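First up is the structure itself, then whatever we jot down about it.
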Amino acid sequence: MTETPHAGSMLRCGKHLLDLTRPRVMGILNVTPDSFSDGGRHQRLDDARRHAERMLAEGADIIDVGGESTRPGAQPVALDAERERVLPVVEMLTREFDALVSVDTSAPQIITEAARAGAGLINDVRALTRDGALAAAAQSALPVCLMHMQGEPQTMQQAPHYAEPIEVAVIDFLRQRVAACEQAGIPRARLLLDPGFGFAKTLEHNLQLLNRLSALDALDLPLLVGVSRKRMIGEALGREVSQRLPGGLALAVMALERGARILRVHDVAPTRDAIDMAWAVLQERVENE
Ligand code: 7PJ
């Protein structure tokens, strides 16, 4: 099978093909202990089904299933707990909705088992740095989103500091991870990149990174961006989590204009409209220049 080498092309995600010549919405489905009523396995699956069904109806192209909270200060999750939360949901979404499912995980065992359960994409906030993660991802044959972070979620917001401009640090890190992937047998054509907004970054870092997002074009791989409901919106606007949608839409549109092709969000319907509207404007420029 030939694989196309450039950003803005078709990405083979298991049995799904993801066309990245237009913007895509990734809906967030958290199955972490703090995000769902803990009424047992059945209740969890029901909640996940309802939530995913709604996001798909609202135009989500991908459902991102995560069993580990990686929010600032969050505690690590045990492998068994992550497996028990994530795998039944991946299976259910694949079987019942034929959905393109991505799995937000850093654990090699979960990468392997999620691929078997029908996942189409690996989303690792640790960019396959855990022991065995590169090999597991290579073996899965699935595409991988490599995200920039410094340190670990528990401590990453304790005075994050970079010796270089933030976008340079992000590009250097991601370039190294791309090289590590290629050495491990994961071709470039199977990679997506994410600058990791809110991960080991001050408000200033986040604002600079968004302004300079186009610098990541140097890596020539499709960009995924997650800003939905994040603390940077709270800090800039003084808004609680429940009041961050308008700020998040502004950031999503700015990221799109600077090259993002997948937006990872909680609020699918409003994001779909915001980025489809912005995209119509951007396309007019392309067509008439
Ligand atoms: C991101 C993520 C992100 C990618 C989370 C939250 C924190 N994966 N997982 N990019 N954020 N690729 O959603 O607030 O920005 S968890």
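FYI, side chains are in, hydrogens and waters are out, and symmetry mates aren't considered; it's all heavy atoms of this structure. One-based numbering, in listed order, for ligands and for the atoms of each. Everything numeric in this text was worked out from a predicted model, so none of it was measured.
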* Asked: Within the structure, does Arg264 bring an N/O atom to less than 3.5 angstrom of an N/O atom in ligand 1?
  -> yes
* Calculate, to the nearest 0.5 Å, the distance between atoms CG and CG belonging to Asn206 and Asn211 respectively. => 11.5 Å
* **Approximate separation, where rounding is to 0.5 Å, of Glu58 CD and Arg54 CZ** => 4.5 Å
* With a cut-off of 4.0 Å, which atoms of ligand 1 are near a heavy atom of Gly226? -> 15 (O)
* Structure fact -> Leu224 heavy atoms within 4.0 Å reach ligand 1 at atoms 12 (N)
* Glu68 bridged to Arg85 by N-O distance under 4.0 Å -> no
* Asked: Hey, which atoms in ligand 1 end up nearer than 4.0 Å to a heavy atom of Val125?
  -> 2 (C), 8 (N), 9 (N)
* Could you point out which residue of Asp104, Asn123, Leu93 forms a side chain to side chain contact (heavy atoms under 4.5 Å, CB included) with Val65? => Leu93
* Asked: Looking only at N/O atoms, are Ser228 and ligand 1 under 3.5 Å apart anywhere?
  -> no
* Among protein heavy atoms, which sits nearest to atom 10 (N) of ligand 1, and what does the distance come to when rounded to 0.1 Å? -> Asp194 OD2, 2.6 Å
* With a 4.0 Å heavy-atom cut-off (strictly under), which part of Asp64 contacts ligand 1: side chain, backbone, both or neither? -> neither
* For Met147, take its heavy atoms, then give the atoms of ligand 1 lying under 4.0 Å from any of them. => 3 (C), 4 (C), 10 (N)
* **Protein contact to atom 16 (S) of ligand 1 [nearest heavy atom, distance to 0.1 Å]** => Thr70 OG1, 3.2 Å
* If you draw a 6.0 Å radius around CD in Gln139, do more than 12 non-hydrogen atoms from other residues or ligands fall strictly inside? -> no
* To do: Output yes when a side-chain donor or acceptor of Asp61 lies under 3.5 Å from a complementary backbone atom of Val25, and no otherwise.
  => yes
* To do: Between Val225 and ligand 1, find which residue part has any heavy-atom pair under 4.0 Å and reply side chain, backbone, both or neither.
  => neither
* Is Lys201 reaching over with its side chain to a backbone N or O of Phe199, donor-acceptor style, under 3.5 angstrom? -> yes
* Asked: When you measure from atom 15 (O) of ligand 1 to every protein heavy atom, which one gives the shortest distance, and what is it?
  -> Lys230 NZ, 2.6 Å
* Structure fact -> The closest protein heavy-atom partner of atom 8 (N) of ligand 1 is Asn123 ND2, 3.1 Å
* Asked: Would Arg44 and Asp47 pass as an ion pair if we require N to O under 4.0 Å?
  -> no
